[in-house]
Amino acid sequence: MTQEALFKSIQTYLRHQRDEMVQLTQRLCAIPTENPPGRQFREQADFLAQQMDDMGVPVRVLPVPEEYVQKYTPRESWDYPRFNVLARWDAGADQTLHFNSHFDVVPVSPNWKTDPFQPVVKRDRLYGRGTSDMKGCITSCIFALKALKQCSAAPPWNIEVSFTCDEEIGGHCGAGYLVKEGLVKPDAAVICEGGAGEIIMSGHRGVLWADVLIQGVSAHGSNPEVGVNAFEKGNMLVNRFLERHKKDRQRETRHSMDRESARRPSMTLGGVSGGGAKVNTIPDDFHFTIDRRLIPEESVKQVKSDFREIIQTAMQEDKNLKAKMNLLMGLDAAITDPDEMICKTARRAVRRVTGKEGKLSVFGAFTDMHFFVNHAKCPTIGYGVEGDGIHGCDEYLVVRSLADTARVFAEIALTVR
Ligand SMILES: [Zn+2]
């Protein structure tokens with residue numbers, strides 16, 4: 001069979017799998033893998049492993065060691081064991097292409113119009129928690145493999161598939177565990193989310209999360225002069241961070257981003273903040289968090305040292321100010337060179353499937369991509385189903401894009417070289 005004929009039969013096969021793809025996504029979403037705390041990971045992992053096994057693809061469910069869980073997840077998650085699924089279609093090749101998806105979802109609010117864990121189709125949309133982030137993408141990945149099997153395709157590289165946990169809380173027990181423990185060492189990778197339609201994710205910004213703690217001296221509210229108000233000192237610091245950020249915002253990346261606003265650094269102060277205990281007591285503690293997103297030209301090391309300098313300078317100028325910063329997370333941006341084979345291969349596949357020119361784009365928000373790019377030094381792209389409402393209410397995916405995305409995955413698997 002020529003490659004054209006093979007692509008055609010894959011397309012034909014997938015066109016008739018619409019209902020099956022919707023059903024599989026519904027079944028995946030019906031296992032509510034909310035994270036935090038990390039519910040029903042075993043059930044989800046076993047179900048996914050069964051899917052691979054049914055196709056004749058050798059698969060393992062890998063439990064994450066307890067030490068890992070305790071090191072990388074908050075205490076509330078320690079009673080919820082972590083699992084990852086790793087499957088491998090050995091084509092007898094030297095090189096391996098990896099497809100990664102995460103199966104955890106963010107918790108739901110009570111404001112959904114439909115049951116978030118019993119997804120329903122309305123017009124061409126499937127509504128449910130995790131439909132687009134990213135269980136629909138898992139469906140497309142599984143059906144890409146089904147299509148390849150069904151059409152007796154012989155992929156040029158080995159195909160490795162992982163379904164991992166914990167992306168929603170940083171990914172260290174999921175993709176991070178597989179990569180850092182050397183359980184996967186692919187030559188190219190596809191994270192099955194990020195881009196959609198004609199957009200292919202070729203990288204994402206970096207991030208620095210920190211908590212700033214201010215220590216004051218408590219006193220009676222009628223006599224504030226003898227105390228040190230940690231809230232007021234904290235506000236003074238907040239203003240210094242804002243001033244600094246105005247300067248940082250003048251930096252602009254040379255990369256093409258998914259949205260205009262992501263071309264510059266961004267900062268959210270006080271995602272979590274608080275302190276003090278009583279209305280008539282001078283607060284002796286106050287803290288606020290910083291969520292700083294880094295353009296690819298910045299580094300965690302530099303931004304962290306800038307932040308420490310802000311605090312140091314403020315403390316030198318105000319002898320009553322006692323503050324320190326704890327780093328919660330720091331990730332440098334992940335960037336795959338547009339000239340890498342995987343970028344070119346993905347662009348060709350997207351053009352054939354969507355009829356539009358595949359466009360590489362660096363994303364403002366991060367995914368598990370950085371583990372593959374920065375740790376495994378593996379050229380990686382991100383691509384998945386179309387949808388909206390991620391992390392919010394009434395999340396949905398566009399049903400038509402399930403088959404299109406599966407086609408893109410299958411064609412990438414057939415044309416890597
Ligand atoms: Zn996701």
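Treat the numbers as computed from the prediction; the structure is a model and nothing was measured.
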Would you check if [X] and [Y] make a side-chain contact, meaning some heavy-atom pair closer than 4.5 Å?
X: F241; Y: N239; answer: no
X: R205; Y: F363; answer: no
X: L6; Y: C151; answer: yes
X: V106; Y: R129; answer: yes
X: L86; Y: E160; answer: yes
X: L178; Y: L62; answer: yes
X: L414; Y: F7; answer: yes
X: S101; Y: E193; answer: no

Any side-chain donor-acceptor pair under 3.5 Å between [X] and [Y]?
X: S273; Y: H287; result: no
X: Y80; Y: Q40; result: no
X: D133; Y: H102; result: yes
X: Q50; Y: D54; result: yes
X: S202; Y: T336; result: no

Using atom types as modelled, flag every donor-acceptor pair under 3.5 Å from a side chain in residues 12-22 to any protein atom, sequence neighbours excluded.
residue	atom	partner	partner atom	Å
T12	OG1	K8	O	2.9
H16	ND1	T12	O	2.9

- [ ] I would like to know whether T96 and N158 meet side chain to side chain donor-acceptor pair (under 3.5 Å); could you show each step before the answer?
- [x] CA-CA 5 Å; T96 297; N158 309 314; 3.3 Å; yes

Task: Evaluation steps, salt bridge (Lys or Arg N to Asp or Glu O under 4.0 Å), between R251 and E298 - done: CA-CA 9 Å; R251 295 177 191 147; E298 297 180 309; 2.3 Å; yes

Quick one: pull up [atom1] in [X] and [atom2] in [Y] and give me the separation to the nearest 0.5 Å.
X: L126; Y: L397; atom1: CG; atom2: CG; result: 5.0 Å
X: F163; Y: L48; atom1: CZ; atom2: CG; result: 5.5 Å
X: I191; Y: M201; atom1: CD1; atom2: CE; result: 8.5 Å
X: E168; Y: D368; atom1: CD; atom2: CG; result: 9.0 Å
X: K304; Y: I290; atom1: NZ; atom2: CD1; result: 13.0 Å
X: S132; Y: R125; atom1: OG; atom2: CZ; result: 11.0 Å

Between [X] and [Y], is there a donor-acceptor pair closer than 3.5 Å when you use the side chain of the first and the backbone of the second?
X: N84; Y: V61; result: no
X: R240; Y: I310; result: no
X: S256; Y: L360; result: yes
X: W209; Y: L327; result: no
X: S401; Y: E386; result: yes

Task: Derivation of the side-chain contact (heavy atoms from CB on, under 4.5 Å) call for R347 and E357 - done: CA-CA 7 Å; R347 289 185 68 189; E357 205 55 47; 4.0 Å; yes

TODO: Step by step, work out the side-chain contact (heavy atoms from CB on, under 4.5 Å) result for V300 and L294.
DONE: CA-CA 8 Å; V300 168; L294 286 62; 3.9 Å; yes

Task: Salt-bridge contact R348-E411 (side-chain N to carboxylate O under 4.0 Å) - done: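 No, no charged N to carboxylate O under 4.0 Å.
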
Task: Short N-O contact, R292 and D248, less than 4.0 angstrom - done: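 Result for this pair is yes, salt bridge flagged.
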
- [ ] Could you tell me whether H172 and Y72 have their ring centroids closer than 6.0 angstrom?
- [x]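 They qualify: ring centres under 6.0 Å apart.
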
TODO: Examine F41 together with F83 and report whether their ring centres are nearer than 6.0 Å.
DONE: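 So the answer is no for these two rings.
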
- [ ] Assess whether side-chain contact (heavy atoms from CB on, under 4.5 Å) is satisfied between I138 and Q51, documenting all intermediate values.
- [x] CA-CA 11 Å; I138 292 179; Q51 296 294 315; over 6 Å; no

Open item on the list: Applying the side-chain contact (heavy atoms from CB on, under 4.5 Å) criterion to V179, which one of V184, T164, N100 satisfies it?
Closed with: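 In the set V184, T164, N100, the residue that makes a side-chain contact (heavy atoms from CB on, under 4.5 Å) with V179 is V184.
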
TODO: Using the six-membered ring of Y127, assess whether NZ or CZ of K122 lies under 6.0 Å from its centre and within 45 degrees of the ring axis.
DONE: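 Geometry flag: set, cation within 6.0 Å and 45°.
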
Open item on the list: Whether K146 engages the ring of F143 as a cation-pi pair (distance to the six-membered ring centre under 6.0 angstrom, angle to the ring normal within 45°) should be assessed.
Closed with: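 Yes, K146 and F143 form such a contact.
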
List the atom pairs, with distances to 0.1 Å, where a side-chain N or O of residues 29-37 and a protein N or O form a donor-acceptor pair under 3.5 Å, not counting sequence neighbours.
residue	atom	partner	partner atom	Å
T33	OG1	F103	O	2.7
T33	OG1	K135	NZ	2.9
E34	OE2	V108	N	3.1
N35	OD1	R82	NH2	3.2
N35	ND2	D104	OD2	2.9
N35	ND2	D166	OD1	2.8

- [ ] May I have the step-by-step check of side chain to side chain donor-acceptor pair (under 3.5 Å) for Q302 and D306, ending in yes or no?
- [x] CA-CA 6 Å; Q302 183 58 50; D306 291 349; 2.8 Å; yes

Open item on the list: Is the ring pair Y177/Y68 parallel, tilted or perpendicular, if the boundaries are 30 and 60 degrees?
Closed with: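 Judged by the thresholds at 30° and 60°, the geometry between Y177 and Y68 is perpendicular.
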
Task: S77 versus V69, closest heavy-atom pair with distance - done: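 Of all heavy-atom pairs spanning S77 and V69, the closest is O-CG1, 4.4 Å.
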
Task: Of all pairs that satisfy salt bridge (charged side-chain N to carboxylate O under 4.0 Å, His left out), the ones with a partner from residues 264-286, not counting sequence neighbours - done: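 Passing the test, one end in residues 264-286: E252-R264.
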
- [ ] For the pair T25 and T139, evaluate side chain to side chain donor-acceptor pair (under 3.5 Å) and give the outcome as yes or no after the intermediate values.
- [x] CA-CA 6 Å; T25 311; T139 296; 2.8 Å; yes

TODO: Could you walk me through whether V408 and D404 pass side-chain contact (heavy atoms from CB on, under 4.5 Å), step by step?
DONE: CA-CA 6 Å; V408 170; D404 285 353; 5.7 Å; no

